[in-house]
Amino acid sequence: MNSARLAAKDFDLTLTLECGQVFHWVREGAGWLGVIGELPMYVEQQGEELLIPRGTEEVARDYFALDHPLAEICASFPEDPAMQAAREFCRGMRIIRQPAWECIATFITSSMKQVAHIAQISHTLRRRYGKKVAWEGHTLFAYPTPQALAQLEEEDLRACALGYRAKNLLGSARMIADGEVDLEAFARLDDDAAREELCRLPGVGEKVANCALLFGFERVRAFPIDVWIERVLREIYFPRKRRVTVSRLREFSATYFGAYGGYAQQYLFHHARKTWQRKKAG
DNA sequence: CTCCAGGTTCCGG
DNA sequence: CCGGAACATGGA
């Protein structure tokens with residue numbers, strides 16, 4: 001590979017790709033193989049540098065959010081024991097800048113699915129309906145565009161093991177292909193307005209909308225509450241309190257974790273998922 | 001076999 | 001506004 005080196009301080013590539021924010025990267029040799037938009041990409045971390053194909057420096061720097069002030073972000077987290085433990089555990093994890101549609105779409109397919117299966121669905125959709133791109137003999141696939149998915153039938157998507165999510169993905173793809181929801185226009189919306197707009201898409205509720213805002217629109221304050229984070233909130237921040245409503249949890253997390261709440265959320269999520277494991281297995 | 005997974009939507013109280 | 005149930009599929 002005709003490669004270039006990119007400075008990457010305060011960055012852990014593997015952690016960033018494996019923490020559950022993005023699902024299509026696969027290990028290849030000492031690095032990772034994936035697609036950024038329609039650009040095939042191989043990335044390998046060597047200390048505080050990334051080894052990448054020459055000419056992709058700008059794209060890689062932007063995608064991996066190497067410009068995010070990570071020290072400042074981590075310093076903004078609340079100083080409680082759970083948050084400190086998560087911060088140590090996730091050192092170098094960054095919230096990357098994913099293309100909006102592929103982010104929305106993958107999280108529509110994520111409902112009631114394990115991370116491994118979300119990745120499996122993403123790969124199936126890419127292979128069948130995404131643009132084929134090549135990198136040094138490897139065949140990779142971009143995420144299918146809204147237009148590509150919009151012309152399919154629900155059966156086609158059910159055949160990709162989407163289950164009841166097929167109708168939602170199709171409906172959302174069609175609304176965006178038709179221009180009924182304009183992702184380009186989101187830049188001038190504040191977080192609440194953007195969230196409201198996202199929730200017009202079928203299969204997008206509060207949680208998926210917040211994932212899209214956080215991972216696809218760089219709204220680093222957005223705080224998705226999934227089953228794992230709900231457990232964390234209830235057991236750590238509201239211990240032995242019965243009947244704490246979801247709206248109470250939302251209200252708390254929207255203010256307590258501060259301006260980089262989305263980062264705090266992802267750190268808590270990954271730490272909990274990797275250390276709590278399953279209750280039975282201990 | 002049973003349980004649960006980065007939820008959303010609809011329905012009855 | 002709130003709690004429950006249906007919704008598909010596969011891994012543990």
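Throughout, a chain's letter reflects where its sequence line sits, starting with A, and its residues are numbered from 1. Predicted, not measured: the structure shown is a model, and the values here were computed from it.
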All salt bridge (Lys or Arg N to Asp or Glu O under 4.0 Å) counterparts of [X], not counting sequence neighbours:
X        : answer
A:Glu184 : none
A:Glu44  : none
A:Lys274 : none

Between [atom2] of [N] and [atom1] of [X], the distance in whole Å:
X        : N     : atom1 : atom2 : value
A:Phe107 : B:dT8 : CZ    : P     : 11 Å
A:Arg243 : C:dG3 : CZ    : P     : 9 Å
A:Leu169 : B:dT8 : CG    : P     : 14 Å
A:Leu249 : C:dC2 : CG    : P     : 12 Å
A:Ile118 : B:dA5 : CD1   : P     : 12 Å
A:Trp228 : B:dC4 : CH2   : C1'   : 10 Å
A:Arg231 : B:dA5 : CZ    : P     : 5 Å

* Any Lys/Arg nitrogen of A:Arg158 or A:Glu155 sitting under 4.0 Å from an Asp/Glu carboxylate oxygen of the other? -> no
* Do nucleotides 4-9 of chain C as a string where each nucleotide becomes B, S or -: B if the base has a protein heavy atom under 4.0 Å, S if just the sugar-phosphate does, - if no protein is that close. => ---BBB
* Asked: Which residues, ordered by chain and number, are linked to A:Trp32 in its hydrophobic cluster, where ILVMFWY side chains connect at heavy-atom gaps below 4.5 Å, directly or through other members?
  -> A:Leu6, A:Phe11, A:Leu13, A:Leu17, A:Val22, A:Trp25, A:Ile36, A:Leu39, A:Met41, A:Val43, A:Leu50, A:Ile52, A:Val59, A:Tyr63, A:Phe64, A:Leu66, A:Ile96
* Between B:dC11 and C:dA8 - P atom distance, rounded Å -> 16 Å
* Asked: Mind checking the C1' distance from B:dT9 to C:dG10? Whole angstroms is fine.
  -> 23 Å
* Counting side-chain heavy atoms from CB outward, which of B:dT8, C:dC2, B:dA5 is closest to A:Thr245? -> C:dC2
With heavy atoms under 4.0 Å as the rule, sort [X] into base, sugar-phosphate or nothing.
X        : result
A:Gly20  : base
A:Glu230 : nothing
A:Val204 : sugar-phosphate

* Start at the 5' end of DNA chain B and walk down; is the nucleotide closest to A:Cys199 or to A:Ile229 reached first? -> A:Ile229
* salt bridge (Lys or Arg N to Asp or Glu O under 4.0 Å): which pairs involve residues 254-267 of chain A, sequence neighbours left out? -> none
* Just by distance, do the side chain of A:Asp190 and the backbone of A:Asp192 share a donor-acceptor pair under 3.5 Å? -> yes
